[in-house]
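One structure below.
Hydrogens, waters and symmetry mates play no part in the numbers below; they use all other heavy atoms, side chains included. Small disclaimer: the values here were computed from a predicted structure and weren't measured. Lettering follows sequence order; numbering is per chain, from 1.
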2 protein chains.
Amino acid sequence: MIRLSKIADYGIVMMTHLARERRASGEDGNQSSAHEIAAATAIPPAMASKILKLLCKAELLRSQRGARGGYELARDAGAIDVAEIIQALDGPIAITACVEDGDGDCCIEALCPARTNWQKINGAIRDALADISLEDMAQSIPEAFMLDAGQERTRIEKVVE
Amino acid sequence: MIRLSKIADYGIVMMTHLARERRASGEDGNQSSAHEIAAATAIPPAMASKILKLLCKAELLRSQRGARGGYELARDAGAIDVAEIIQALDGPIAITACVEDGDGDCCIEALCPARTNWQKINGAIRDALADISLEDMAQSIPEAFMLDAGQERTRIEKVVE
DNA sequence: ATAAAGAGTACCGAACTGGTCCCCTTTTCC
DNA sequence: GGAAAAGGGGACCAGTTCGGTACTCTTTAT
């Protein structure tokens, strides 16, 4: 099904939340704790924390440790795209194989005409994902949508076809 | 990592093999048994058989039962694209969610602006895959490449980035 | 000094995936 | 007509991955 992992899904939701937070209170400075973010997005706190750490290591978020610490976007929402988020959480965006960890390279790589097709495919996918900024994602999503009190968190993705 | 399942990978390899077979002996009529195909592509016979059945049900292959039966492409190689193959084996091509089997629909679907973004993304991915025909894939791949005698089957995909 | 918060890491259970097996039906060929 | 070849359709198993949790350590504000 070529599906996005839940980690990446959650990551995008949280980043989107932070983008909205920032916009609501002009520019940076005010951070949100993992707790707050988890509550606002209805993502299990421990999970949220784990993912936020990863996003931080990928330099998509800035963190502040200690009491009253928290997270905030490392850059402007318009300068962060979903491809980056997915890559930070799920690894390289590619309809994989070949790069089997370790040995790696395809012995007839140079000869393989299929290779260019796969590169084309992978490239197209990456481009599509790189074309959506966090700002686009954040645009006018009703807050009620992010936290669907009581029941399961509402999914924001929609299958096509 | 957004990876292709092995099923789909195998499927593409076998379809590519059949495309080459057909081209080698002008037009249809001559079928290959699951056994032959498995041997030629170095895919475990039982696996190959399972996948061929699926491809047949998806009407990408035509089958002939009974002794001297086998499989052949249902259409011309130029008229089959990788998107179809992947969809037949892995289900709808989409960076998923929402369609959780059963209940399914996103309660605020109509309001969700993110939805159009995901559709855009999914569409781009599908387009990229639909743009590669089996004929493209089959083009001049040396047969030695399909069966890498002795060792593991060589992977035809190549990661990008 | 204490409490709040992030950093890091180990761990568990459930689901999915790759892979195998078995039995049934169809068809050919002797 | 019967045996063998081949596909059709499942059930089933095992290993890996993934979602999720827990625990300990470091940092920092009050």
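Here A:S5 lies in heavy-atom contact (under 4.0 Å) with sugar-phosphate atoms only.
A:H17 has its side chain out of reach of A:R20: every pair of non-hydrogen atoms, C-beta onward, lies at least 4.5 Å apart.
For the pair A:I51 CD1 and D:dG19 P, the interatomic distance rounds to 9 Å; values are reported in whole Å. Rounded to an integer number of Å, the gap from B:L18 CG to D:dG7 P is 11 Å. In this structure, B:R62 atom CZ and D:dG8 atom C1' are separated by 18 Å, rounded to whole Å. The separation between B:L54 atom CG and C:dG18 atom P is 12 Å, rounded to whole Å. Atom P of nucleotide D:dA6 and atom CD of B:E36 are separated by 8 Å, given to the nearest angstrom. Taking atom NE2 of residue A:H35 and atom P of nucleotide C:dG6, one finds them 9 Å apart after rounding to whole Å. Rounded to an integer number of Å, the gap from B:Y71 OH to D:dA5 P is 17 Å. Regarding B:L61, its CG atom lies at a distance of 14 Å from the C1' atom of D:dG8, rounded to whole Å.
Taking both residues in full, the closest heavy atoms of A:Q31 and A:R62 are given as NE2-O, 4.1 Å, listed atom of the first, atom of the second, then distance. Here the closest non-hydrogen pair linking A:A88 and A:L60 is CB-CD1, 4.0 Å.
The CD1 atom of B:I12 sits 8.5 Å away from atom CG of B:L134, with the distance rounded to the nearest 0.5 Å. Distance check: A:I86 CD1 to A:D81 CG gives 9.0 Å after rounding to the nearest 0.5 Å.
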If the sugar-phosphate is the primed atoms plus P, OP1 and OP2 and the base is the rest, what is the B/S/- string for nucleotides 19-29 of chain C, using protein heavy atoms under 4.0 Å?
BB----BBBSS

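For B:E135, there are no side chain to side chain donor-acceptor pair (under 3.5 Å) partners at least two apart in sequence or on another chain.
An OP1 or OP2 oxygen of D:dG8 is reached within less than 4.0 angstrom by a side-chain nitrogen or oxygen of B:S63.
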